[in-house]
Amino acid sequence: MHFFLLSSCHLYILSTLYMTKRAKVSTCLVERTKEWNNYVEIITVLEKIKRLQKMKTESSKRSQGIGQFMNWLKENSADIEGASIAEFPGYDLGLKAEHDFQENELILKIPRHLIFNTLNAAPELTALKNDPLIHDMPQVALAIALLIERYKENSKWKPYLDVLPTTYTTVMYMTAADMIELKGSPTLVPALKQCRNIARQYAYFSKIFQTDNNAVSAVLRDVFTYERYCWAVSTVMTRQNLIPSEDGSRMIHALIPMWDMCNHENGPITTDFNLSSNCCECYALRDFKKGDQIFISYGPRPNSDFFLHSGFVYMDHKHDTLKFWVGSFLESNLDPHLAERRQLLKKLHLQPWSEFVVNSGREPIPGSVLAYMRVFRMRKPELTHWMSSERVDQLKQIDCVLDNRTELKIKRTVLYDTLRTLMLRYPTTLEEDLELLETTLPKSKKLAVQLRVTEKRLIVNAIEYVRRQSSLTNLTNGHDLKI
């Protein structure tokens with residue numbers, strides 16, 4: 001197929017673009033600007049490659065393949081009698097309870113030989129065992145293994161492959177117009193970096209499959225496209241799990257058929273791998289009635305992680321967090337005590353540029369943030385005291401007060417202004433975003449708006465906490481905060 005030869009120059013540009021632009025950045029704003037400009041250049045090249053690789057759309061066999069998939073599971077000793085696959089509004093496919101389940105009751109039991117991993121699938125991959133990406137990045141190896149099994153003849157995994165989604169809502173499927181909806185969000189830069197890394201991986205493997213003669217190239221040379229690589233990577237990102245190797249010596253990345261049809265809700269993790277039975281076992285996280293959708297918990301991961309790696313946002317998140325950077329804007333080269341402040345930060349295991357989080361709880365500001373800001377507001381006697389103190393971690397406690405005036409200034413000015421700055425980075429208000437969600441939006445844009453809403457709610461919660469702690473009842477109004 002000639003499009004591979006025609007796009008070789010684009011592949012070279014793609015593989016070298018970021019390397020030629022790599023430079024140390026001094027501020028988050030500069031990094032965001034550089035990453036965005038780099039992303040726009042990459043996506044422009046990718047659009048040209050996709051036009052060259054345009055081919056007949058592969059029709060979805062997902063719903064038609066469910067019956068064959070269920071038979072395949074049963075024939076291979078999977079215990080799935082209490083569950084089926086069904087469509088649920090807003091979820092596409094999910095797991096349906098075929099009878100009542102009580103909390104902690106066994107729902108699924110999937111034997112090891114049905115769990116897709118590089119030890120029992122795609123033996124052709126051994127031809128690339130010394131490749132650095134395959135050797136050092138197990139998720140990448142799993143994605144290539146998935147493509148090998150999808151496009152080789154007579155794959156034993158075909159019943160499973162046929163019920164996998166044909167497209168995803170991960171950031172690789174977003175356009176530049178979609179991605180700009182993340183403006184102001186701390187999640188923007190990680191999203192841009194993820195797209196850049198996947199593009200470079202695609203360019204890397206395209207060159208290998210076009211030029212090398214090995215078992216993997218024989219299968220993928222004429223079918224390996226950017227969109228298909230995005231599909232494989234997205235499948236792995238949204239469905240992967242870790243299971244112990246057969247000898248129990250290490251953890252391996254794997255895809256667990258049937259279990260990976262479960263959608264997420266708040267709750268404990270109730271899935272584990274039983275080495276005695278050599279099976280993945282899934283238990284009910286709560287009671288389910290016959291006909292209910294069966295949910296599992298994906299763990300206490302923040303919405304930014306769900307958005308980046310799973311392609312969804314969970315609006316009713318009980319364990320959400322938002323990362324933000326605090327840094328050298330608090331420093332001054334004219335500060336005569338800057339060296340002591342840096343030493344005290346080191347003693348607290350903090351850096352002059354530090355990443356912190358706010359959470360959705362009743363005390364959303366971590367003690368490390370307070371300690372950081374206290375260090376930069378201390379006077380000489382306080383610095384001397386805490387530098388010699390064996391109880392320096394007390395600086396991370398909410399009730400540790402340097403003095404009333406300094407403590408109030410930390411909360412009233414420094415901490416409040418930091419949170420306010422986070423809110424003002426967004427071009428829209430929380431109220432505007434909530435109104436947008438009441439309208440009909442394209443799927444990718446809706447996800448971005450949902451993410452903005454959950455992030456802003458975390459900031460608002462943190463601001464209200466600061467107000468309570470420092471009696472800031474009339475410090476500002478909602479319009480100024482853009483909430």
Side-chain angles (χ1 to χ4, degrees), residues 57-75 78-101 105-110 114 116 146 150 157-170 172-174 227 230-232 234-241 255-267 270-271 280 282-298 303 306-307 309-317 437-447 449-450:
T57 303
E58 297 171 347
S59 60
S60 172
K61 301 177 182 177
R62 234 186 148 192
S63 57
Q64 298 95 313
I66 290 175
Q68 186 176 356
F69 171 62
M70 299 292 283
N71 290 335
W72 177 74
L73 290 170
K74 293 173 184 176
E75 290 166 3
D79 183 356
I80 58 169
E81 292 303 322
S84 63
I85 299 171
E87 291 188 13
F88 293 91
Y91 288 96
D92 194 8
L93 297 182
L95 226 56
K96 178 183 174 182
E98 289 300 317
H99 60 72
D100 292 353
F101 283 98
E105 185 178 349
L106 181 68
I107 296 176
L108 297 174
K109 194 172 182 179
I110 310 299
L114 284 181
F116 188 101
L146 200 61
R150 185 181 184 187
W157 298 96
K158 188 177 187 304
Y160 173 52
L161 299 175
D162 284 348
V163 296
L164 289 172
T166 56
T167 188
Y168 290 91
T169 51
T170 56
M172 283 91 75
Y173 287 85
M174 295 177 71
E227 289 186 325
C230 284
W231 170 84
S234 295
T235 299
V236 171
M237 284 200 313
T238 59
R239 309 175 96 79
Q240 69 175 332
N241 212 299
L255 306 178
I256 306 172
M258 191 65 172
W259 177 83
D260 63 6
M261 292 288 180
C262 295
N263 292 305
H264 166 80
E265 74 173 17
N266 289 319
T270 54
T271 302
C280 172
C282 176
Y283 296 84
L285 62 76
R286 59 174 172 83
D287 292 349
F288 293 105
K289 296 295 185 182
K290 181 179 179 179
D292 285 352
Q293 181 176 184
I294 296 170
F295 292 95
I296 62 173
S297 171
Y298 293 1
N303 264 320
F306 287 148
F307 178 85
H309 301 114
S310 300
F312 74 92
V313 175
Y314 193 65
M315 299 300 289
D316 187 30
H317 203 320
L437 290 180
E438 296 297 320
T439 66
T440 301
L441 298 172
K443 189 172 290 186
S444 292
K445 181 173 181 177
K446 183 178 180 179
L447 284 173
V449 175
Q450 287 178 325

Result of checking Leu95, Ile296, Ile66 against Met261 for side chain to side chain contact (heavy atoms under 4.5 Å, CB included): Leu95

Only one of Leu146, Val236, Thr170 forms a side chain to side chain contact (heavy atoms under 4.5 Å, CB included) with Trp231, so which one is it? Leu146

Closest heavy-atom pair and its distance - Tyr314, His264: CE1-O, 3.7 Å

Only counting residues at least two apart or in another chain, list the ones meeting side chain to side chain contact (heavy atoms under 4.5 Å, CB included) with Asn263. Tyr91, Gln293, Phe295, Tyr298

Heavy-atom side-chain contact between Trp72 and Leu114 under 4.5 Å: yes

Would the number of heavy atoms belonging to other residues, nucleotides or ligands and lying under 6.0 Å from CD of Glu105 be above 12? yes

I need the minimum non-hydrogen distance between Phe101 and Ala284, along with the two atoms involved. CB-CB, 4.4 Å

Glu98: partners by side chain to side chain contact (heavy atoms under 4.5 Å, CB included), with sequence neighbours left out: Ser84, Lys96

Evaluate Met258 against Ile85 for side-chain contact (heavy atoms from CB on, under 4.5 Å), listing each step before the verdict. CA-CA 8 Å; Met258 191 65 172; Ile85 299 171; 3.9 Å; yes

Asp92: side chain to side chain donor-acceptor pair (under 3.5 Å) partners, not counting sequence neighbours: Arg62

Lys74: partners by side chain to side chain contact (heavy atoms under 4.5 Å, CB included), with sequence neighbours left out: Ile80, Glu81

Going by the rule side chain to side chain donor-acceptor pair (under 3.5 Å), which residues pair with Tyr283 if we only count those two or more places apart in sequence or in a different chain? Glu281

I'd like to check the side chain to side chain donor-acceptor pair (under 3.5 Å) partners of Thr271; sequence neighbours left out, ordered by chain and number. Trp259

Just so I know, are the side chains of Thr238 and His309 near enough to count as touching, which here means a heavy-atom distance under 4.5 Å? no

Check: Asp162 side chain, Phe69 main-chain N or O, donor-acceptor pair, under 3.5 Å: no

Which is it for Asp79 and Leu106 under the side-chain contact (heavy atoms from CB on, under 4.5 Å) test, yes or no, and what are the steps along the way? CA-CA 10 Å; Asp79 183 356; Leu106 181 68; 4.3 Å; yes

Might you work through the side-chain contact (heavy atoms from CB on, under 4.5 Å) test for Tyr173 and Glu227, ending with a clear yes or no? CA-CA 9 Å; Tyr173 287 85; Glu227 289 186 325; over 6 Å; no

Would you check, one step at a time, whether the test side-chain contact (heavy atoms from CB on, under 4.5 Å) holds for Met315 with Val313? CA-CA 6 Å; Met315 299 300 289; Val313 175; 3.9 Å; yes

Is the shortest heavy-atom distance from the side chain of Asp260 to the side chain of Tyr160 under 4.5 Å? yes

Can you find a pair of side-chain heavy atoms, one from Thr169 and one from Phe312, that are under 4.5 Å apart? no

Smallest heavy-atom separation, Leu164 atom then Arg239 atom, equals CD2-NE, 3.4 Å

